[in-house]
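Values below: all heavy atoms of this structure, side chains included; hydrogens, waters and symmetry mates excluded. Atoms within each ligand, like the ligands themselves, are counted from 1 in listed order. Keep in mind that what you see is a predicted model, and the values were worked out from it rather than measured.
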Amino acid sequence: MDFTGAHILSIKQFERADIERVFQVADSMEPYALRRRVTRVLEGAILGNMFFEPSTRTRVSFGAAFNLLGGEVRETTGFQSSAIAKGESLYDTARVLSGYSDVICMRHPESGSVAEFAAASRVPVVNGGDGTNEHPSQALLDLYTIRKELADKGRQVDGLRIAMIGDLKYGRTVHSLCKLLCLFQNIHVTLVSPPELAMPAELVEEMRAAGHDVQISEDLMHGIGHVDIAYATRIQEERFSSKQEADQYRGRFRLNQAIYTQYCEPNTVIMHPLPRDSRADANELDNDLNLNPNLAIFRQADNGVLVRMALFALILNVADQVDRHSREVNWYSGRR
Ligand code: NCD
């Protein structure tokens, strides 16, 4: 695909070569993300970061990624602080705000809303999550993490064995990840969820049509038995009609160190898009996993900055100029 000026709305836009390109550029961002070097390649550029749903990682890492490339970030968070609360349409908001930015990242509770916004925008738009539909940059950083973690163990993505656990009905991260895995070969996927929160049938069909082996289970211990990656997700409480309805499912699948030791292969990598729900009635990934070297959740979150830097560099067509505009850092940067 031609990245220059492109909207990033769905994983469906990508072919395998595009993924390789994003990952190659992401790798090259490491000295900047690790604060060994600074670059001013996007000096003067403005990111409009518009988040109409709660977000910590996605919003801050998009912002940090843009800042790390030398650009400025303008934020709009929540409907109440935006003119949408006064009845303004997405069309008008897009026409106006795209006049103030070079690129826009947007999260919105309705599926399809970011694409609608992008159609009216004068600058490229990146989907930071639209309802239950998609979260393409998360899927890219998830796959980037899977690839890195497997490479450390001498494996590659083709042939991957992965369990996706939790709320597979409403979880947009796993929806985008399934679509992304369709670009690879011979994937074994075990979908562990309550039947009411199962992966949408069309995504299961898509994976099977791609030649993947898809198993469906309600049993966590069975699901995590023979996988390279155990990918846990949060019950998407905000998508249920009431908290009580979500409470029925909360805490159904809890992974802790004892269960990991008993049921997982020794090198199984644990992932989660975060936030993990650590309240006592949920505790989907127990804190006693924190010292487990295979808990990759914070490496995964760190990788988000690299992948988002890569997306900006490609969309704004500066991937080949980043180093030319760089220098060493002149402050203490002993981050561990
Ligand atoms: C996810 C999301 O918003 O879809 N969070 C994220 O962006 N890392 C997952 C979630 O909220 O459960």
Side-chain angles (χ1 to χ4, degrees), residues 8-11 49-66 75 77-79 105-115 125-146 162-180 191-194 197 199-200 203 229-240 243 245-247 249-255 270-279 281-285 295-309 311:
I8 306 292
L9 302 173
S10 167
I11 280 299
N49 222 7
M50 304 180 59
F51 277 73
F52 297 120
E53 267 194 337
S55 173
T56 306
R57 262 149 298 275
T58 307
R59 180 174 56 81
V60 177
S61 70
F62 268 126
F66 209 76
E75 296 222 332
T77 51
F79 286 116
C105 292
M106 185 175 185
R107 170 172 289 187
H108 193 285
E110 276 166 46
S111 297
S113 54
V114 181
V125 175
V126 181
N127 183 359
D130 62 325
T132 61
N133 183 37
E134 281 230 32
H135 195 342
S137 66
Q138 180 73 42
L140 291 170
L141 78 89
D142 288 344
L143 188 69
Y144 184 75
T145 304
I146 291 170
I162 182 169
M164 299 184 193
I165 303 151
D167 184 349
L168 307 183
K169 178 180 180 186
Y170 295 123
R172 55 193 169 200
T173 71
V174 281
H175 297 169
S176 289
L177 185 56
C178 285
K179 291 177 191 173
L180 187 48
L191 302 172
V192 182
S193 73
L197 300 184
M199 181 67 75
L203 287 171
I229 307 283
Y231 187 109
T233 64
R234 179 181 66 87
I235 300 298
Q236 305 284 293
E237 184 180 318
E238 62 276 34
R239 314 275 176 229
F240 290 80
K243 181 176 176 299
E245 200 195 337
D247 282 345
Y249 304 108
R250 208 190 302 280
R252 193 79 76 85
F253 305 112
R254 295 164 186 248
L255 184 53
I270 305 165
M271 293 177 60
H272 192 300
L274 301 180
R276 58 174 156 170
D277 188 342
S278 294
R279 289 171 288 193
D281 60 344
N283 210 20
E284 50 213 14
L285 286 184
L295 184 77
I297 58 177
F298 301 118
R299 295 192 288 275
Q300 186 182 355
D302 282 351
N303 288 336
V305 173
L306 298 173
V307 168
R308 291 178 171 127
M309 288 177 81
L311 288 176

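When all heavy atoms of Met271 and Ile146 are compared, the pair lying nearest together is SD-CG1, 3.6 Å.
The shortest distance between side-chain heavy atoms of Ser113 and Phe52 does not fall below 4.5 Å.
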Exercise for the section: May I have the step-by-step check of salt bridge (Lys or Arg N to Asp or Glu O under 4.0 Å) for Glu134 and Arg107, ending in yes or no? Expected result: CA-CA 10 Å; Glu134 281 230 32; Arg107 170 172 289 187; over 6 Å; no

Verdict with reasoning, Arg250 to Asp281, per salt bridge (Lys or Arg N to Asp or Glu O under 4.0 Å):
CA-CA 7 Å; Arg250 208 190 302 280; Asp281 60 344; 3.5 Å; yes

Discussion item. Pair Glu75, Arg59 - check salt bridge (Lys or Arg N to Asp or Glu O under 4.0 Å), show working.
Written reply: CA-CA 9 Å; Glu75 296 222 332; Arg59 180 174 56 81; 2.8 Å; yes

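Evaluation of the ring-ring contact (aromatic ring centres under 6.0 Å, His included) rule for Tyr170 yields Phe240 as partners, not counting sequence neighbours.
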Which pairs of N or O atoms, one from ligand 1 and one from the protein, are separated by less than 3.5 Å, and what is the distance for each pair?
residue, atom, partner, partner atom, Å
ligand 1, 3 (O), Arg107, NH1, 3.3
ligand 1, 3 (O), Arg107, NH2, 3.2
ligand 1, 3 (O), Arg172, NH2, 2.9
ligand 1, 4 (O), Arg172, NE, 2.7
ligand 1, 5 (N), Leu274, O, 3.0
ligand 1, 7 (O), Thr58, OG1, 2.8
ligand 1, 7 (O), Arg107, NH2, 2.9
ligand 1, 7 (O), His135, NE2, 2.8
ligand 1, 8 (N), Gln138, OE1, 3.2
ligand 1, 8 (N), Pro273, O, 3.0
ligand 1, 8 (N), Leu274, O, 3.0
ligand 1, 11 (O), Arg234, NH2, 2.9
ligand 1, 12 (O), Arg234, NE, 2.8
ligand 1, 12 (O), Arg234, NH2, 3.2
ligand 1, 12 (O), Gln236, NE2, 2.8

